[in-house]
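Everything numeric here is computed off the predicted structure, so don't read it as measured data. To find a chain, count down the sequence lines: A is the first, B the second, and so on, and within it residues start at 1. Worth knowing before you read on, the calculation uses all heavy atoms, side chains too, and leaves out hydrogens, waters and symmetry mates.
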2 protein chains.
Amino acid sequence: MLADMRILVVDDERTLARSIQRGLVAEGFAVDLEHDGTAGYERARWGDYDAIVLDIMLPGRNGYDVVTALRAEDVWTPVLLLSAKDGEHDVADGLDVGADDYLTKPFSFVVLVARIRAMVRRPATPRPAVLAVGALELDPSTRQVRAGGLAVDLTVRELALLEYLMRHHERVVGKVELLDHVWDGEGEDVNVVEQYVGYVRRKVGRAAIVTVRGAGYRAVG
Amino acid sequence: MLADMRILVVDDERTLARSIQRGLVAEGFAVDLEHDGTAGYERARWGDYDAIVLDIMLPGRNGYDVVTALRAEDVWTPVLLLSAKDGEHDVADGLDVGADDYLTKPFSFVVLVARIRAMVRRPATPRPAVLAVGALELDPSTRQVRAGGLAVDLTVRELALLEYLMRHHERVVGKVELLDHVWDGEGEDVNVVEQYVGYVRRKVGRAAIVTVRGAGYRAVG
DNA sequence: GCGATCTCTCAGCGTTTCCTCAGCCGGCGG
DNA sequence: CCGCCGGCTGAGGAAACGCTGAGAGATCGC
């Protein structure tokens, strides 16, 4: 079952990288090492791996960057991020950006293996290039938005807001959550969110975003 | 964000359990203690916790056993296992059986807290998407409720009440218990509960919630 | 430097929601 | 038969919630 599972490990702490490699090899994986972001990215892009273990803090380009770039290049190899800190935002951001899982250092080796196995087992869900919810379409790469076929112009904030709502349209998204992810500020007033929901509604149509009183908003197109 | 995070700690080493409790309380969690597997299981099953810290070696039933039983009962509260030995296999077994994370004793308290936070944050274990009791369906993520197929609109309080009743539909739920869990207030009047049961009944149908005189309510759909 | 654009704060408004109060109903025990 | 207790519900005021117009800084291009 593990025959021919190829894993790329990108971490600049060479001792740690080595020991991860040794451990994974003992588990039957074929493991390649890389020690900086740029090289890691190139290798991940062409290397045909089954999984990538990626440190966030890296020389060259950081982990988020590498994942974003890979996903933009249509490389959907499962990525497990290694994070030195355990602040909430970096983890959430990593997952947002297209990583599949994460671990906080220091981590247990057994857990690492379990996570990798789970990740590989689980069918990779390539994110579609453009988001579509009902009559709404949003292409993150070109920043173009169409509502019911016709193009609308959104400012940066408006777009970020709509994109987040569309990425999570299957559930109700709370205002504080939006504040966290779209405004990445802490002590702000949720009224900004309301104001911007208003702006977006005026541009894409009132019905595209429904208010769920006491809970938040939901994109329905 | 930590407001109202309830944690159950099950460990037969009372000194250790106490000190974990003290530490977690200082971190802003509400913590209950239990010292053997059987009691721990019962409490975990009914207690509506946000996370469970569970020793593997326990009198009564062991940790694996408890997790397995909980998962079988459809309780998906995140579980962190505490293992005394650090052979790898027992840990892997624990994760296989449905635990979310584990720590080997002795562990650092900071790590424990970080793991708990991570566990609670991430929807690791698949919680079944919708609750269903008789003709009632409730989807917590979209906050949608259907009674006999047709959608009904509930306010925040009404929804919380119905959700609690549905999550515990196999037994009668007392008014004071509802006051505790749905209103998280102390010295309130149970009349609020009666009032809201009335509201919900009007919306989802009179028969969905039966009154058990002198005892409380029960969701039957 | 100056206007245009964008972002965010503030205050006010109408509406919904929440909770309290008080009266009502109905079963049950005396 | 009557009174009591537990449960139910209509009414209404207070508070919370969500939306929006106005406008002040900030930023950017010209």
Side-chain angles (χ1 to χ4, degrees), chain A residues 138 143-145 151-165 171-220, chain B residues 3-4 138 142-145 151-165 172-220:
Chain A
L138 188 154
R143 303 174 25 95
Q144 276 202 331
V145 178
V152 289
D153 237 355
L154 296 186
T155 71
V156 179
R157 263 295 125 80
E158 292 164 357
L159 188 101
L161 172 63
L162 183 60
E163 179 175 344
Y164 194 87
L165 285 175
R171 64 187 174 87
V172 174
V173 182
K175 295 181 191 179
V176 178
E177 181 181 343
L178 287 167
L179 215 44
D180 274 3
H181 285 86
V182 178
W183 276 262
D184 49 46
E186 282 301 298
E188 309 212 33
D189 188 349
V190 292
N191 180 237
V192 204
V193 179
E194 294 160 1
Q195 187 69 262
Y196 270 80
V197 167
Y199 292 156
V200 173
R201 274 178 176 155
R202 270 171 234 175
K203 293 186 178 179
V204 303
R206 191 135 303 260
I209 302 175
V210 299
T211 302
V212 182
R213 206 164 213 270
Y217 300 98
R218 189 155 172 236
V220 294
Chain B
D4 265 338
L138 188 155
T142 63
R143 306 173 34 93
Q144 277 198 335
V145 178
V152 290
D153 237 355
L154 297 187
T155 72
V156 181
R157 263 300 178 322
E158 292 164 357
L159 188 101
L161 171 63
L162 183 60
E163 181 174 344
Y164 193 86
L165 286 174
V172 174
V173 182
K175 295 182 191 178
V176 179
E177 180 181 344
L178 287 167
L179 215 44
D180 275 2
H181 284 87
V182 178
W183 274 261
D184 50 45
E186 285 300 300
E188 310 212 33
D189 187 351
V190 293
N191 178 237
V192 202
V193 179
E194 294 161 0
Q195 184 71 261
Y196 271 80
V197 167
Y199 291 157
V200 173
R201 274 178 176 154
R202 269 173 237 176
K203 292 186 177 178
V204 303
R206 192 133 307 257
I209 303 175
V210 299
T211 303
V212 182
R213 207 160 216 271
Y217 300 98
R218 183 144 179 243
V220 294

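Scanning for side chain to side chain donor-acceptor pair (under 3.5 Å) contacts around A:Glu163 gives A:Arg167, with sequence neighbours left out. With sequence neighbours left out, the side chain to side chain contact (heavy atoms under 4.5 Å, CB included) criterion links B:Asp153 to no other residue. Partners of B:Val152 by side chain to side chain contact (heavy atoms under 4.5 Å, CB included), not counting sequence neighbours, listed by chain and number: B:Val145, B:Val204. Evaluation of the side chain to side chain contact (heavy atoms under 4.5 Å, CB included) rule for A:Val176 yields A:Val190 as partners, not counting sequence neighbours. By the side chain to side chain donor-acceptor pair (under 3.5 Å) test, B:Gln144 is found to be paired with no residue, residues two or more places apart in sequence or in another chain being considered. Under the rule for a side chain to side chain donor-acceptor pair (under 3.5 Å), the partners of A:Arg201 that lie at least two apart in sequence or sit in another chain are A:Thr211. Residues meeting the salt bridge (charged side-chain N to carboxylate O under 4.0 Å, His left out) test with B:Arg202, sequence neighbours left out: none. For A:Tyr196, there are no side chain to side chain donor-acceptor pair (under 3.5 Å) partners two or more places apart in sequence or in a different chain.
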Which protein N or O atoms sit under 3.5 Å from an N or O of nucleotides 21-25 of chain D?
residue : atom : partner  : partner atom : Å
D:dG21  : OP2  : A:Arg202 : NH2          : 3.3
D:dG21  : O6   : A:Gln195 : NE2          : 2.5

Scan nucleotides 13-17 of chain D against the protein and return all N/O pairs shorter than 3.5 Å with their distances rounded to 0.1 Å.
residue : atom : partner  : partner atom : Å
D:dC17  : O2   : A:Arg213 : NH2          : 2.8

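Rounded to an integer number of Å, the gap from B:Ile209 CD1 to D:dG7 C1' is 14 Å.
For the atom pair B:Leu161 CG and B:Ile209 CD1, the distance stands at 5.5 Å (nearest 0.5 Å). Rounding to the nearest 0.5 Å gives a distance of 11.0 Å between CG of B:Asp189 and CD of B:Gln195.
Between B:Arg157 and B:Tyr199, every side-chain heavy-atom pair lies at or beyond the 4.5 Å cut-off. For the pair A:Val192 and A:Trp183, the minimum side-chain heavy-atom distance is below 4.5 Å. No side-chain heavy atom of A:Tyr217 sits less than 4.5 Å from a side-chain heavy atom of A:Val212.
Between chain B and DNA chain C, the heavy-atom contact criterion of under 4.0 Å yields a 5' to 3' nucleotide range of C:dT17 to C:dG26.
Residue A:Thr211 has a polar side-chain atom (N or O) positioned under 4.0 Å from OP1 or OP2 of D:dC19. Residue B:Tyr217 has a polar side-chain atom (N or O) positioned under 4.0 Å from OP1 or OP2 of D:dC8.
Of the residues in residues 151-165 of chain B, those with a non-hydrogen atom less than 4.0 angstrom from any atom of DNA chain C are B:Thr155, B:Val156, B:Arg157.
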